[in-house]
Amino acid sequence: MSNEAKLSARERIEALVDANSFVEIGALITKRSTDFNMQEKSVPGDGVITGYGLIDGSVVYVYSQDAAQIGGSVGEMHAKKICNMYDMAMKAGAPVIGLIDCAGLRLQEATDALCGFGQIYAKKVEASGLIPQISAIFGTCGGGLAVSSVLSDFTFMESGAKLFVNSPNALSGNYTDKCDTSGADFQSAANTVDFVCKGEEELISMMRDFVAYLPANCEDMAISECDDDLNRLVPEFAADYADPAKALADISDGGKFIEVKSGYAKEMVTGFIKLNGMTIGAVANRSAVLDDAGKASEVYESVLTTAGCAKAEDFIYYCDSFGIPVLTLTNVTGYAATVEEERTIAAAAAKLTAAFVNTDVPKVNLITDKAYGTAYVTMNSKHIGADMVFALKDAEIGVMDAKSAAKIMYADEIGAASDKVALIDEKAAEYAKLQSGATQAAQRGYVDVIIEPESVRKQLVYAFEMLY
């Protein structure tokens with residue numbers, strides 16, 4: 001495949017599924033409308049190819065919109081083909097992948113086309129939580145198609161594709177050159193797109209890999225063979241935990257972490273790893289983005305934000321729907337403190353807390369650095385239902401950092417002291433010894449095991465094996 005030449009709708013399917021495995025359904029179906037001389041226009045398959053095939057031997061159902069046929073626009077029979085495929089996928093308990101390249105609603109069919117959109121929406125909602133749904137945007141995905149795409153569980157987007165409800169030039173005070181709101185970078189940062197890929201080849205390859213991390217349906221288990229050493233030590237983990245994208249790759253089978261929504265709310269990391277072949281959903285606080293040399297290229301406060309909470313909440317509920325265990329890496333000191341955040345953070349943190357409490361899948365928490373206040377409680381603590389809680393030996397767990405606590409508790413004494421700094425340090429050390437260490441939390445039963453950073457992989461493997 002070439003990044004320069006656009007693949008046809010059929011070529012995209014053939015590149016996605018295993019060789020010679022695709023079986024087309026409804027190849028002869030075409031439009032029924034005769035308005036506006038539509039009977040004189042040949043529209044093979046009504047602009048969409050539907051069927052099923054295999055990805056690494058597992059069944060998937062696929063539809064691919066054909067932009068060469070009336071722009072791949074959605075009409076009555078186009079929608080019926082997609083809905084029929086959804087019915088078959090739900091009966092078979094297999095994922096659905098939509099390859100999107102569409103001019104939108106077929107104006108010549110008007111209300112019939114609108115009916116088709118509604119039927120697709122309904123099928124996608126019906127399938128939610130039962131089978132995985134993936135959308136991949138190769139060309140144009142505008143108007144109601146944008147809504148349909150986001151109804152999927154995960155959305156891939158080629159960097160040159162367009163995704164919009166209203167086009168950039170239709171937005172008041174905006175135009176494409178000023179801000180391309182339909183572009184992949186904008187939509188990724190807006191929480192609409194999960195993965196952005198440079199070209200069709202990269203997108204299709206990544207989708208094939210990604211499907212292996214998902215169960216076929218809500219009653220299936222996402223487990224594969226593991227060739228990695230279950231007792232492998234990870235000495236690099238201690239240097240990487242500030243950037244969970246690197247730390248999670250360190251501990252995962254084969255060193256692979258698939259980050260979801262990497263362009264949105266970067267202070268909260270979500271994605272999938274494998275531990276002994278088992279898919280694990282990961283949620284983690286990020287304080288830095290580390291480059292290959294281990295230097296911080298971006299720095300974030302170790303706090304919960306509204307966007308970060310919402311991102312984690314959605315991901316946790318997805319994992320719960322499909323029986324995927326959840327791992328958290330906790331490094332949080334409180335909540336984002338701005339006027340704008342104050343409008344929304346309480347509600348967002350409440351919803352994230354509820355998500356952790358309500359999930360029934362195995363939940364493991366690893367406290368990597370700081371765990372302060374009720375923000376720590378929200379991050380999958382033992383107090384709200386974590387099955388196992390680990391902490392690195394130098395982790396700090398408490399209401400706040402020891403110096404801040406000492407300043408509050410001993411304010412009068414510090415105010416009268418001749419050497420305020422020395423007294424603060426003394427009281428902070430005393431507070432830390434009694435209240436802020438991982439050992440103190442473990443003595444109270446809030447931490448199950450204190451571990452060395454290099455042993456994280458094997459400890460987590462054993463924990464999830466025991467819980468699952």
Side-chain angles (χ1 to χ4, degrees), residues 95 132-136 152-157 188-189 191-197 202-203 205-215 222-224 226 228 234 237 240-290 298 300 304-305 307-332 352 355-356 359 361-366 368 379-380 456-457 460-461 464:
Q133 301 177 68
I134 300 172
S135 292
S152 295
D153 299 311
F154 300 99
T155 301
F156 289 73
M157 187 173 178
S188 175
N191 194 28
T192 307
V193 172
D194 297 282
F195 305 98
V196 175
C197 306
E202 179 182 309
L203 191 157
S205 175
M206 189 172 182
M207 243 191 330
R208 281 183 59 88
D209 291 343
F210 183 65
V211 168
Y213 280 74
L214 303 180
I223 296 179
S224 57
C226 174
D228 202 344
V234 282
F237 186 86
D240 288 345
Y241 69 72
D243 186 353
K246 293 179 72 71
L248 289 164
D250 293 339
I251 64 177
S252 180
D253 296 351
K256 189 168 185 178
F257 168 60
I258 297 182
E259 186 174 358
V260 177
K261 295 189 185 301
S262 62
Y264 177 68
K266 293 183 180 181
E267 69 281 356
M268 183 73 78
V269 173
T270 56
F272 296 105
I273 62 173
K274 291 268 189 180
L275 290 176
N276 193 19
M278 181 191 306
T279 294
I280 306 294
V283 176
N285 306 118
R286 171 188 268 147
S287 57
V289 174
L290 303 179
E298 298 176 39
Y300 301 93
L304 293 183
T305 65
C309 288
K311 176 180 175 179
E313 178 202 355
D314 288 346
F315 185 77
I316 292 162
Y317 278 127
Y318 179 83
C319 291
D320 189 51
S321 295
F322 288 93
I324 299 172
V326 173
L327 166 68
T328 48
L329 303 187
T330 297
N331 178 15
V332 66
L352 177 58
F356 278 119
T359 51
V361 295
K363 291 171 288 189
V364 174
N365 187 16
L366 170 62
T368 58
M379 279 297 296
N380 193 29
V456 167
R457 171 176 163 79
L460 293 178
V461 166
F464 280 113

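Computed over heavy atoms, backbone and side chain alike; hydrogens, waters and symmetry mates excluded.
Residues passing the salt bridge (Lys or Arg N to Asp or Glu O under 4.0 Å) test with E259, sequence neighbours excluded: R286.
The main-chain N or O of L290 is found under 3.5 Å from a side-chain atom of D243 such that the two form a donor-acceptor pair. Side-chain atoms of K261 do not come within 3.5 Å of backbone N or O of K311 as any donor-acceptor pair.
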Dump the intermediate steps for side chain to side chain contact (heavy atoms under 4.5 Å, CB included) on N285 and M268, then the final yes or no.
CA-CA 5 Å; N285 306 118; M268 183 73 78; 3.9 Å; yes

Determine whether D228 and K274 satisfy the following criterion, salt bridge (Lys or Arg N to Asp or Glu O under 4.0 Å), listing intermediate values before the conclusion.
CA-CA 10 Å; D228 202 344; K274 291 268 189 180; over 6 Å; no

Step by step, would you call I251 with L460 a side chain to side chain contact (heavy atoms under 4.5 Å, CB included)?
CA-CA 9 Å; I251 64 177; L460 293 178; 3.6 Å; yes

Please lay out, stage by stage, how R457 and L275 fare under the test side chain to side chain contact (heavy atoms under 4.5 Å, CB included).
CA-CA 8 Å; R457 171 176 163 79; L275 290 176; 3.8 Å; yes

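Taking the side chain as every heavy atom from C-beta outward, V289 and Y300 approach each other to under 4.5 Å. Residues T155 and T192 fail the side-chain proximity criterion, which asks for heavy atoms closer than 4.5 Å. Side-chain contact between V456 and L366 is present, with at least one heavy-atom pair separated by less than 4.5 Å. Residues I273 and L327 meet the side-chain proximity criterion, which asks for heavy atoms closer than 4.5 Å.
For Y264 against S188, the heavy-atom pair with the smallest separation is CB-O, 3.6 Å. When every heavy atom of L329 is checked against every heavy atom of M379, the shortest pair comes out as O-CE, 4.2 Å. Of all heavy-atom pairs spanning S152 and S135, the tightest one is OG-OG, 2.6 Å. Y318 and P132 make their closest contact through OH-CB, 3.8 Å (heavy atoms, listed as atom of the first residue, atom of the second, distance). When all heavy atoms are compared, the tightest approach of P325 to T279 is CD-O, 3.5 Å. Considering every non-hydrogen atom in both P215 and A222, the closest pair reads N-CB, 3.7 Å.
Using cut-offs of 30° and 60° on the angle between ring planes, the pair F154 and F195 is tilted.
From I134, atom CD1 reaches atom CG of D153 across 8.0 Å, with rounding to the nearest 0.5 Å. The CG atom of D253 sits 10.0 Å away from atom CE of M278, with the distance rounded to the nearest 0.5 Å. With rounding to the nearest 0.5 angstrom, the OH atom of Y241 is 6.5 Å from the CG atom of N331. The distance from atom CG of L248 to atom OG1 of T270, rounded to the nearest 0.5 Å, is 10.5 Å. For the atom pair OG1 of T359 and CD1 of I324, the computed distance is 12.5 Å after rounding to the nearest 0.5 Å. One finds the CG atom of N276 at 11.5 Å from the OG atom of S252 (value rounded to the nearest 0.5 Å).
Between F272 and F315, a ring centre-to-centre spacing shorter than 6.0 Å is recorded.
A side-chain donor from one of N365 and T330 sits under 3.5 Å from a side-chain acceptor of the other.
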